Amino acid sequence: MRLVNGYQFSQAIHVAATLGIADLLAGGARTSDDLSDEAGADPDSLHRLLRALASVGVLREEDDRRFSLTPLGEQLRSDVPGSIHGWAAFIGRPYYWQAWAGLLHSVRTGENAFRHVHGQDVWSYRAERPEENAIFDGAMQSRTRASNAALVAEFDFSRFGTLVDIGGGNGSLLANLLASQPSLQGVVFDQPHVVAGATPVLEAAGVADRCRIESGSFFEAVPAGGDAYLLKWIIHDWEDEDAIAILQVVRAAIADGARLLVVERHLGPPNEEAQSKFSDLNMLVGPGGRERTQNQYAALFESAGFRLVDATTTGELVVFEGQPV
C-alpha cells in the first residue's frame, strides 16, 4: 500500500517544498498557525499537511500544533548541503505530473508521454514558459550538487587542458571543475536562453577568466579545440538515433587525441538499481530517452566514431570515456 500510495507522499512533500516550510522551520519548532501566515496557506489545511508529513518522519509533531524538522526533513531546506528542495519543488508541477499520467500510453504504444499529453516536446514546452524553466533549472542544480562533488573528487581531470561542457546549463559543474583544477580552461555550451545565466555562476566561483560561454544546438555544431568533451545527463534524454546524432556532432569537432566523457547512470543488473530503473521510466515519460547499460553505451560510441576505453564510477554516476577512432 505504501508503494501504491507513493504519489500522495511525493505531492505532500512537493507542496511543503513549494511553500518553503523547511526553511521556515530552520530556526526551530513553530505552530502551524504561525507558519501559515508566512507560507501563504490556509491554517487548518496546512496543519493537516504538516501532521501527515510528521507521520512519515519528514517533520516532528509536538504539543500545541507545533512542528519541527527531523534530520530527514532538513534535506528540504534550500540552504543546506545535499538539499533536495529544488527537485521536490519541481516534481509536483502540474505539467510534469500530467506527463506521468501518460505512462500507460507510453507503455502501450512506445510513444513519449509528454509529447502525447502536451503536444510538444519537454524542451520546447519549458522554453516557452520561463517560470517552469527556472524551476526545472533549480531541480537540476539540486540533483547535481552531490553528483558533481563526487565527479570532481573521483575522476582525474588534471590530464586535460581545455574541457568543453556540452549541455552545461548555467555552468555550475564546470565552475566546480575549474575551481578544483587551477590549470584547466573551460567552455560551457548550451542553448542561448540556458547559458544566459552562466556568467554570475562562473564569476561567483572565481573562474570566469578561464571559461568561455558559447551557445548553439548540439545537433548542429559544438565548439572545437577541446581536450575533453563532457556530456553529463545529456545522452539519456534521447533515443538511440538522436543520441548517435549528438555524438557524431561531437566527433566532428573533437581532435583524435581528445576524449569524450559521457556521464550517466548505469542501468544495473536485474532486480537491482531501482533508482536507475525508475529514472529510465522518467526518460520514457519526460524527455523521451532512456537509461542504458555499459554495453549499450559502447554500441552508441561505436556508431558515432568512438571506442569505449574506460568506465569510472563516481558516486551514483559513471563516466563512460570514449576515444575517437
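As the structure is a prediction and not an experimental result, all values here were calculated from the model.
Of all the heavy atoms in D190 and G167, the pair that sits closest is OD2-C, 3.1 Å. Closest approach of P287 and W123 over heavy atoms only: CB-CZ2, 3.7 Å. In this structure, A99 and V117 approach most closely via the heavy-atom pair CA-CG2, 4.3 Å. The minimum heavy-atom distance linking L25 with L35 is given by the pair CD2-CD1, 3.9 Å. Contact between G286 and N112 at its shortest, heavy atoms only, is O-ND2, 3.0 Å. When every heavy atom of L173 is checked against every heavy atom of L230, the shortest pair comes out as CD2-CD2, 3.6 Å.
By the criterion of side-chain heavy atoms lying less than 4.5 angstrom apart, applied directly or through intervening Ile, Leu, Val, Met, Phe, Trp or Tyr residues, I234 is not grouped with I213; the two fall into different hydrophobic clusters. Under the 4.5 Å side-chain contact rule for hydrophobic residues, I254 and V187 share a cluster. No continuous path of ILVMFWY side-chain contacts below 4.5 Å connects L281 to M283, so the two sit in separate hydrophobic clusters. Both Y229 and F218 belong to a single network of hydrophobic side chains, linked directly or stepwise wherever heavy atoms of I, L, V, M, F, W or Y lie under 4.5 Å apart. At a threshold of 4.5 Å between side-chain heavy atoms, the hydrophobic network of Ile, Leu, Val, Met, Phe, Trp and Tyr places L261 and L317 in one connected group.
In this structure, the side chain of S124 does not engage the main chain of Q120 through any donor-acceptor pair within 3.5 Å. Looking at K232, its side chain never comes within 3.5 Å of a backbone N or O of G168 through a donor-acceptor pair. Remark: the backbone N or O of A89 is not paired with any side-chain donor or acceptor of R93 at under 3.5 angstrom. Looking only at distances, a side-chain donor or acceptor of Q296 sits under 3.5 Å from a matching main-chain atom of T293. No side-chain donor-acceptor contact under 3.5 Å links T144 to the backbone of S147. Checking side-chain atoms of S276 against main-chain N and O of G268 turns up no donor-acceptor pair under 3.5 Å. Within the 3.5 Å criterion, the main-chain N or O of S78 finds a donor-acceptor partner in the side chain of D23. In this structure, the side chain of T70 engages the main chain of G57 through a donor-acceptor pair within 3.5 Å. In this structure, N170 contributes its side chain and A198 its backbone to no donor-acceptor pair below 3.5 Å. For S106 (side chain) and E111 (main-chain N/O), a donor-acceptor pair under 3.5 Å exists by modelled atom type.
Residues F189 and S217 have side chains not in contact (no heavy-atom distance under 4.5 Å, counting atoms from C-beta outward). For the pair F301 and V325, the minimum side-chain heavy-atom distance is 4.5 Å or more. Taking 4.5 Å as the limit, every side-chain heavy atom of L76 sits out of range of all side-chain heavy atoms of I21. Proximity of S32 to F67: side-chain heavy atoms (C-beta onward) are separated by under 4.5 Å at one or more points. Residues L103 and L284 are in side-chain contact: their nearest non-hydrogen atoms beyond the backbone lie under 4.5 Å apart. V319 is not listed as a side-chain neighbour of V262, based on a closest heavy-atom distance of 4.5 Å or more. Between L308 and Q294 there is a side-chain heavy-atom pair separated by less than 4.5 Å. The side-chain heavy atoms of I244 and W238, taken from C-beta on, include no pair separated by under 4.5 Å.
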S68 vs L59, side chain to side chain contact (heavy atoms under 4.5 Å, CB included): CA-CA, chis, key distance, verdict:
CA-CA 6 Å; S68 59; L59 303 176; over 6 Å; no
Is there a side-chain hydrogen bond (donor to acceptor under 3.5 Å, both in side chains) between W100 and N282 once you walk through the steps?
CA-CA 8 Å; W100 264 93; N282 189 48; 3.2 Å; yes
Stepwise salt bridge (Lys or Arg N to Asp or Glu O under 4.0 Å) check, R259 with E321
CA-CA 7 Å; R259 288 291 186 269; E321 184 171 346; 3.2 Å; yes
How far apart are the C-alpha atoms of F219 and D242, what are their side-chain angles, what is the distance that settles it, and do they pass the side chain to side chain contact (heavy atoms under 4.5 Å, CB included) test?
CA-CA 8 Å; F219 284 108; D242 286 329; 4.0 Å; yes
Apply side chain to side chain contact (heavy atoms under 4.5 Å, CB included) to the pair R159 and L184, showing each step before the final yes or no.
CA-CA 9 Å; R159 53 197 169 112; L184 186 64; over 6 Å; no
Would you check, one step at a time, whether the test side chain to side chain contact (heavy atoms under 4.5 Å, CB included) holds for E220 with V249?
CA-CA 7 Å; E220 298 172 0; V249 171; over 6 Å; no
Please step through side-chain hydrogen bond (donor to acceptor under 3.5 Å, both in side chains) for the pair S279 and E291, ending with a clear verdict.
CA-CA 7 Å; S279 179; E291 304 293 356; 2.5 Å; yes
Run D34 and T31 through side-chain hydrogen bond (donor to acceptor under 3.5 Å, both in side chains) and show every step you take.
CA-CA 5 Å; D34 183 26; T31 67; 4.9 Å; no
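Annotation for R108: atom CZ does not count as buried by contact number, only 12 or fewer foreign heavy atoms lying within 6.0 Å. More than 12 heavy atoms of other shown residues, nucleotides or ligands fall within 6.0 angstrom of atom CD in Q98. A 6.0 Å sphere centred on CG of N271 holds no more than 12 heavy atoms belonging to other residues, nucleotides or ligands. Heavy-atom contacts from other residues, nucleotides or ligands closer than 6.0 Å to CD of E128 number more than 12. With a 6.0 Å radius and a threshold of 12 heavy atoms from other residues, nucleotides or ligands, R129 has its CZ atom above the threshold.
Between R30 and E62 no salt bridge is recorded (no basic side-chain N to carboxylate O distance below 4.0 Å). Using a 4.0 Å cut-off between charged side-chain N and carboxylate O, R77 and D79 make a salt bridge. Between D240 and R292 there is a salt bridge, with a side-chain nitrogen of the basic residue lying less than 4.0 Å from a carboxylate oxygen of the acidic one. Between R307 and E302 there is no salt bridge, since no side-chain N of the basic residue sits under 4.0 Å from a carboxylate O of the acidic one.
The distance from atom CG of D121 to atom CZ of R115, rounded to the nearest 0.5 Å, is 5.0 Å. From H14, atom NE2 reaches atom CG of L19 across 8.5 Å, with rounding to the nearest 0.5 Å. Rounding to the nearest 0.5 angstrom, the gap separating the CG atom in L300 from the CD atom in E241 is 12.0 Å. Atom CG of L53 sits about 15.5 Å away from atom CZ of R60, to the nearest 0.5 Å. In this structure, CZ on R290 lies 13.5 Å from CD1 on I235, to the nearest 0.5 angstrom. If you take OG on S36 and NE2 on H47, they are separated by 11.0 Å, rounding to the nearest 0.5 Å.
The distance between the ring centers of F9 and Y7 does not fall below 6.0 angstrom. Here Y95 and Y125 bring their ring centres to under 6.0 angstrom of each other. Between H266 and Y297, the distance separating the two ring centers is not shorter than 6.0 angstrom.
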